[in-house]
Amino acid sequence: MEQTFIMIKPDGVQRGLFGEIIERFEKKGFSLKGLKLLTVDRTFAEMHYADLSAKPFFNGLVKYIVSGPVVAMVWAGKGVVTTGRKIIGATNPLESAAGTIRGDYAIDIGRVNCYLSWNVIHGSDSVESAKKEIALWFPDGVAEWQSSLHSWIYE
């Protein structure tokens with residue numbers, strides 16, 4: 001099964017949205033394989049956002065992501081990367097459809113010279129980036145289990 005990395009950002013954690021977000025992925029039929037609540041340090045945040053290091057908003061983004069705890073998760077299922085991005089919604093919350101996480105819970109894209117904050121959640125944008133992010137956030141691996149509901153969801 002395909003896997004993706006999902007992170008509830010500090011604003012989503014502070015607002016207590018993690019239960020609702022987890023529920024949306026569960027109701028879709030995806031399996032939670034890894035979960036942790038943690039506060040990351042600057043060095044780790046810089047590794048996670050290394051592909052954005054040349055962008056003018058990089059320092060603000062790093063400052064934002066270390067500002068409070070995040071919930072890091074690994075979800076598995078058929079097409080979970082693409083479908084997960086649809087569940088999350090467009091990066092800019094004002095362009096996110098109602099019914100998506102950002103469409104329902106986010107208003108703004110920026111915070112104090114920062115880009116990609118106040119949009120509640122991060123999701124891998126490709127299978128390749130998911131593999132890199134999962135390896136970074138879950139170096140010891142994730143749980144290998146299968147729900148008894150699996151046969152009701154997949155052929």
Side-chain angles (χ1 to χ4, degrees), residues 1-25 28 30-143:
M1 283 285 156
E2 185 176 287
Q3 294 184 336
T4 194
F5 174 74
I6 301 293
M7 175 178 51
I8 304 171
K9 296 178 180 180
D11 55 319
V13 173
Q14 292 295 334
R15 293 174 57 200
L17 298 176
F18 39 91
E20 167 68 24
I21 291 168
I22 289 169
E23 182 179 41
R24 289 184 185 211
F25 281 84
K28 184 64 180 176
F30 296 131
S31 297
L32 184 61
K33 299 294 185 172
L35 173 96
K36 46 178 137 171
L37 172 70
L38 67 158
T39 302
V40 298
D41 63 26
R42 182 170 182 86
T43 301
F44 189 89
E46 288 172 349
M47 286 189 296
H48 176 75
Y49 288 116
D51 60 321
L52 301 174
S53 63
K55 301 288 185 181
F57 55 79
F58 178 74
N59 286 328
L61 176 58
V62 169
K63 182 179 177 184
Y64 164 71
I65 213 69
V66 303
S67 69
V70 299
V71 174
M73 299 177 283
V74 176
W75 289 91
K78 185 177 181 181
V80 71
V81 172
T82 300
T83 304
R85 297 284 293 184
K86 289 177 183 175
I87 291 169
I88 289 169
T91 300
N92 183 341
L94 297 177
E95 296 172 1
S96 290
T100 66
I101 291 167
R102 290 178 179 149
D104 291 350
Y105 299 116
I107 296 172
D108 204 348
I109 195 173
R111 177 178 182 227
V112 191
N113 299 318
C114 175
Y115 183 74
L116 298 178
S117 65
W118 282 2
N119 66 3
V120 180
I121 191 168
H122 163 85
S124 300
D125 61 3
S126 68
V127 172
E128 295 76 29
S129 66
K131 288 177 183 176
K132 290 178 190 173
E133 291 171 336
I134 292 167
L136 177 65
W137 289 82
F138 292 86
D140 296 329
V142 296

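Just so you know, these numbers come straight off a predicted model, no measurement behind them.
- With sequence neighbours excluded, no residue satisfies side-chain hydrogen bond (donor to acceptor under 3.5 Å, both in side chains) with Arg85.
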Walk me through it: do Met7 and Ile65 pass the test side chain to side chain contact (heavy atoms under 4.5 Å, CB included)? CA-CA 10 Å; Met7 175 178 51; Ile65 213 69; 3.8 Å; yes
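- Salt bridge status for Asp51 with Lys132: absent, with no side-chain N to carboxylate O gap under 4.0 Å.
- Distance check: Glu133 CD to Glu128 CD gives 11.5 Å after rounding to the nearest 0.5 Å.
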_Worked verdict on Gln3 versus Val142 for side chain to side chain contact (heavy atoms under 4.5 Å, CB included)_ = CA-CA 10 Å; Gln3 294 184 336; Val142 296; 3.9 Å; yes
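- Remark: Ile8 CD1 to Ile21 CD1 distance equals 4.0 Å, nearest 0.5 Å.
- Judged purely by atom type and a 3.5 angstrom limit, Ser53 uses its side chain to pair as donor or acceptor with the backbone of Ala50.
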Please output the side-chain donor-acceptor pairs of residues 30-46 that fall under 3.5 Å, not counting sequence neighbours, one pair per line with the distance.
from  : atom 1 : to     : atom 2 : distance (Å)
Lys33 : NZ     : Trp145 : O      : 2.3
Lys36 : NZ     : Trp137 : O      : 2.6
Asp41 : OD1    : Thr43  : N      : 3.3
Asp41 : OD1    : Phe44  : N      : 2.8
Arg42 : NE     : Glu46  : OE2    : 2.9
Arg42 : NH2    : Glu46  : OE2    : 3.4
Arg42 : NH2    : Asn59  : OD1    : 2.9

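- The line from CD1 of Ile87 to CZ of Arg24 is 9.0 Å long, rounded to the nearest 0.5 Å.
- Looking at Phe18 and Met73, their side chains never come closer than 4.5 Å, going by heavy atoms from C-beta outward.
- Of the inter-residue distances, the one linking Ile88 atom CD1 with His122 atom NE2 reads 7.5 Å to the nearest 0.5 angstrom.
- Here CZ of Phe5 is found 5.5 Å from NE2 of His48. Values are rounded to the nearest 0.5 Å.
- Interatomic distance, Ser124 OG to Ile134 CD1, rounded to the nearest 0.5 Å: 6.0 Å.
- Between Ile6 and Gly123, the shortest heavy-atom contact is CD1-CA, 3.8 Å.
- Residues Gly79 and Glu2 come closest through the heavy atom pair C-OE2, 3.4 Å.
- Judged as a ring-ring contact (aromatic ring centres under 6.0 Å, His included), and not counting sequence neighbours, the contacts of Phe25 are Trp75.
- Side-chain contact between Arg102 and Thr91: present, with at least one pair of heavy atoms (C-beta onward) separated by less than 4.5 Å.
- The minimum heavy-atom distance linking Ser96 with Thr100 is given by the pair CB-OG1, 3.6 Å.
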Original post:
Do Ile121 and Tyr105 pass the side chain to side chain contact (heavy atoms under 4.5 Å, CB included) test, and can you show the C-alpha distance, the side-chain angles, and the key distance before you say yes or no?
Top reply: CA-CA 10 Å; Ile121 191 168; Tyr105 299 116; over 6 Å; no
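- Between Val120 and the choices Val13, Ile101, Asp104, the side-chain contact (heavy atoms from CB on, under 4.5 Å) rule is met once, by Ile101.
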